[in-house]
Amino acid sequence: MTEPDLTDAVAPVPLQVGPYRLDVPAASDTADVVAAFHDPDVATWNPAGGGEITAEERAPLWIADRATWTSQHASWVVRDHDGTVIGQVSLHHLDHESGTGEVGYWLTPRGRGRGIGTAVLDAATTYALDTLGLFRIELFHAVENEASCRMALRCGYALEGTTRQSYRYGDGLRHDEHLHAILATDPRPEVRPPA
Ligand SMILES: CC(C)(COP(=O)(O)OP(=O)(O)OC[C@H]1O[C@@H](n2cnc3c(N)ncnc32)[C@H](O)[C@@H]1OP(=O)(O)O)[C@@H](O)C(=O)NCCC(=O)NCCS
């Protein structure tokens, strides 16, 4: 995790998705984020990316990094009704000159299967295309990750192909990935926020 470039800081913009707050993470979220990093599915499909660092060591660094928006990065934690962090969605590799970026996400077990992931991805996509004015957002997931694939398709991210062994996931293996993307000119499916 690199040090944020504070000269490029952008004020974070919280969003509301139905009853769920897409928020800037705070130090008080550390225990929720540690628990998320210990979840086997998050650990497998959203790995830290090398280095020997525990979830407890990583969580405060992750929170500080995610709370610091720049022109290349915007991200939110997803809060359940009671404020607990149940997920995150992130826009990164934002390139305003080429109009491109990439999106990533995870939900904790408590947040899954409630339609929240789809609604949150849709909100981040709307922010990227309509508020930031980007033209193309890419989304990668391991081909085995069917929930992520369905969510991408539900939000209008067309499946463009399979990249071969393109990312080493948390199981230590290189996996083939689906590359999805949405363009500003693509049709946008209607996604209703869950209650
Ligand atoms: C992938 C993930 C974000 C999906 O979030 P979610 O809130 O559970 O998804 P939703 O409830 O919005 O459902 C999205 C779609 O996936 C389907 N789905 C959900 N869980 C599924 C599963 N275990 N297997 C197959 N499909 C599944 C839903 O039926 C829905 O499809 P539909 O709209 O065609 O009916 C979540 O499961 C997760 O964080 N998993 C662990 C980490 C991870 O995979 N991160 C993403 C890395 S790319």
Side-chain angles (χ1 to χ4, degrees), residues 15-23 25 29 32-50 55 58-59 62 66 73-82 84-93 101-128 136-182 186-195:
L15 300 173
Q16 196 70 31
V17 177
Y20 304 101
R21 179 100 171 145
L22 268 54
D23 208 359
D29 296 320
D32 292 345
V33 173
V34 168
F37 288 166
H38 278 298
D39 172 67
D41 290 325
V42 170
T44 301
W45 301 126
N46 301 88
R58 185 181 161 220
W62 185 92
R66 295 303 174 103
H73 158 246
S75 65
W76 302 264
V77 289
V78 184
R79 296 194 187 281
D80 210 342
H81 303 85
D82 63 359
T84 303
V85 170
I86 53 167
Q88 68 87 21
V89 61
S90 158
L91 296 166
H92 46 271
H93 298 144
E102 192 176 324
V103 67
Y105 42 77
W106 50 250
L107 288 190
T108 64
R110 166 173 161 173
R112 288 177 204 152
R114 296 160 57 184
I116 299 172
T118 302
V120 161
L121 175 59
D122 182 62
T125 304
T126 299
Y127 185 83
R136 172 185 167 90
I137 306 299
E138 296 186 339
L139 184 164
F140 291 88
H141 67 80
V143 294
E144 298 88 345
N145 193 341
E146 196 183 328
S148 194
C149 192
R150 289 179 66 158
M151 201 170 101
L153 295 171
R154 279 279 292 115
C155 289
Y157 283 77
L159 177 55
E160 296 189 337
T162 302
T163 58
R164 295 179 304 148
Q165 299 188 44
S166 43
Y167 195 71
R168 194 187 297 280
Y169 279 89
D171 57 5
L173 303 175
R174 292 184 186 281
H175 288 253
D176 291 354
E177 295 181 292
H178 280 170
L179 163 61
H180 295 251
I182 188 166
D186 283 342
R188 294 277 186 94
E190 190 192 345
V191 174
R192 293 228 180 96

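Numbering of ligands and ligand atoms starts at 1, following listing order.
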Kindly compute the distance separating CG (Asn145) from CG (Asp41), expressed to the nearest 0.5 Å.
-> 8.0 Å
Please step through side chain to side chain donor-acceptor pair (under 3.5 Å) for the pair Gln165 and His175, ending with a clear verdict.
-> CA-CA 4 Å; Gln165 299 188 44; His175 288 253; over 6 Å; no
Give the numbers and elements of all ligand 1 atoms closer than 4.0 Å to a heavy atom of Asn145.
-> 43 (C), 44 (O), 46 (C), 47 (C)
Ranked by distance from atom 40 (N) of ligand 1, the top protein heavy atom is Arg112 NE, 3.5 Å
Side chain proximity check, Arg188 to Ile182, heavy atoms < 4.5 angstrom | yes
Between Arg110 and Asp82, does at least one N-O distance fall below 4.0 Å, as a salt bridge requires?
-> yes
Ligand 1 to Gly115, heavy atom cutoff 4.0 Å, flagged ligand atoms 10 (P), 11 (O), 12 (O)
Nearest non-hydrogen protein atom, atom 9 (O) of ligand 1 | Met151 SD, 4.0 Å
Just heavy atoms, cut-off under 4.0 Å: does Thr44 contact ligand 1 by side chain, backbone, both, or neither?
-> neither
Value for CG (Asp23) from CG (Leu15), rounded to nearest 0.5 Å, stands at 9.5 Å
Look at Arg136 together with Glu102 and state whether they make a salt bridge at an N to O cut-off of under 4.0 Å.
-> no
Pair Arg21 + Asp80: basic N to acidic O under 4.0 Å = no
Is the count of non-hydrogen atoms from other residues, nucleotides or ligands lying under 6.0 Å from His93 atom NE2 greater than 12?
-> no
Looking only at distances, please establish whether an N/O atom of ligand 1 is found under 3.5 Å from an N/O atom of Trp45.
-> no
Identity and distance of the protein heavy atom lying nearest atom 34 (O) of ligand 1 = Arg150 NH2, 3.0 Å
Is the distance between the ring centroids of His141 and His180 less than 6.0 Å?
-> yes
Just jot down the ligand 1 atoms closer than 4.0 angstrom to any heavy atom of Gly113, in number order.
-> 6 (P), 7 (O), 8 (O), 11 (O)
Are any of the N or O atoms of Asp41 closer than 3.5 Å to those of ligand 1?
-> no
For ligand 1, which atoms, with element, lie under 4.0 Å from some heavy atom of His141?
-> 48 (S)
Quick look: Phe140 vs ligand 1, heavy-atom contacts under 4.0 Å, and the answer is backbone
Could you tell me the residue and atom name of the protein heavy atom closest to atom 46 (C) of ligand 1, and the distance to it rounded to 0.1 Å?
-> Tyr105 O, 3.3 Å
Nearest non-hydrogen protein atom to atom 12 (O) of ligand 1, with distance, is Thr118 OG1, 2.6 Å
Do Arg79 and Tyr20 meet the cation-pi criteria used here (NZ or CZ under 6.0 Å from the six-membered ring centre, within 45° of the axis)?
-> no
Would you check the N or O atoms of Ser148, main chain and side chain alike, for any that come under 3.5 Å of an N or O of ligand 1?
-> no
Do Glu177 and Tyr169 meet the criterion of a side-chain donor-acceptor pair at a distance under 3.5 Å?
-> yes
Contacting atoms of ligand 1, where contact means under 4.0 angstrom from a heavy atom of Arg154 = 33 (O)
Given Ala147, Gly117, Ala152, which has its nearest heavy atom closest to atom 26 (N) of ligand 1?
-> Ala147
Consider every N or O of Leu107 and every N or O of ligand 1, then say whether any pair is closer than 3.5 Å.
-> yes
If you have a sec, work out which protein heavy atom is nearest atom 42 (C) of ligand 1 and how many Å separate them, to one decimal?
-> Asn46 OD1, 3.3 Å
